[in-house]
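Single-structure report; data block below.
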Amino acid sequence: MLSGKTAVITGASRGIGAAIAQKFASLGANVAIIYNGSEAGARTVLESIGDKVKCNIYQCNVADSQQCKDTVAKIIEDMGAIDILVNNAGITRDNLLVTMDEEDFDAVINTNLKGCYNMIKACGRNFIRKKQGRIINISSVSAIMGLAGQVNYSSSKAGVIALTKVVAREFGGKNVCCNAIAPGFITTDMTKDLGSEEEFLKSIPLKRLGNPEDVANLAAFLASDLSGYITGEVIRIDGGLAM
Ligand code: NAP
């Protein structure tokens, strides 16, 4: 389904990003795995993919625009043009608004929102030149619902939805689709300390938490030719939580 395509996936050293990288590779895509601090995790994902497709790892802090530019240039040099960009890297630093440090607000906005801007800007000319491309931004149901304790995170992920729609309009004429995925509770490191699973299950109609592969399947659809007439869309994948 993705044979001959090259995908760049940020935050692919673990969790949802790792599952997306593995899924895309299983569908024939070459993958560039971007990590920040977890080199060992990135190497494990690389090894799990094996040599069926071309796969490399790259260290890059997506909040740093120069690192994004340099990394994208290196990926193009190593792997040829980029066809698919998945902006998945993200962090949480939860606290109630009155007690949240400014530094924690800025860190979350800079990674989750500005990171998407940095990566799309770094890849933009490549997409325009090719007159084709797919951009998939990972938002969250937190953007739609506004979760207490997440003023930084919800705001960053709501920003990702607005950014997705702007990019869909600006790049649409160049045959580039840009969509957002809004996951609910997915079992990864990010959610392992959130508290009682039973409490969450009460509000999820499907009565289970999601797993990274659920999100990877949706990302694969949005990256493929099957979704060629979808752009500017936000798709929840949350077991019905935020409907
Ligand atoms: P995770 O397990 O905590 O993994 C986060 C990933 O982001 C790691 O690969 C990490 O890389 C990378 N990352 C963090 N800061 C970075 C930076 N500055 N530059 C580059 N990479 C960076 O999280 P996850 O649960 O898989 O979440 C993936 C995405 O889904 C995030 O955007 C998250 O907000 C979103 N999401 C998750 C859930 C959920 O329930 N899990 C729900 C809704 C949305 P290193 O480890 O290499 O530093």
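Computation of the quantities below employed the complete heavy-atom set of this structure, encompassing side-chain atoms and omitting hydrogens, waters and symmetry-equivalent molecules. Just so you know, ligand 1 is whichever comes first in the structure, and atom 1 is the first atom listed for that ligand.
Following chains of ILVMFWY side-chain contacts shorter than 4.5 Å, one can reach V31 starting from L2, so the two form part of one hydrophobic cluster.
Other residues, nucleotides and ligands contribute at most 12 non-hydrogen atoms within 6.0 Å of the NZ atom of K131.
Summarising the hydrophobic clusters (Ile, Leu, Val, Met, Phe, Trp, Tyr; side-chain heavy atoms under 4.5 Å, direct or chained), the residues clustered with V108 are I91, Y153, M190.
A salt bridge links R14 with D189: at least one charged nitrogen is closer than 4.0 Å to a carboxylate oxygen.
For Y117, the side chain to side chain contact (heavy atoms under 4.5 Å, CB included) test picks out K114, K121, L163, with sequence neighbours left out. Residues satisfying the ring pair (Phe, Tyr, Trp, His ring centres under 6.0 Å) test with Y58, not counting sequence neighbours, are none.
Listed by chain and number, residues touching ligand 1 at under 4.0 Å (heavy atoms only) are G11, A12, S13, R14, G15, I16, Y35, N36, G37, S38, C60, N61, V62, N88, A89, G90, I91, T111, I138, S139, S140, Y153, K157, P183, G184, F185, I186, T188, D189, M190, T191.
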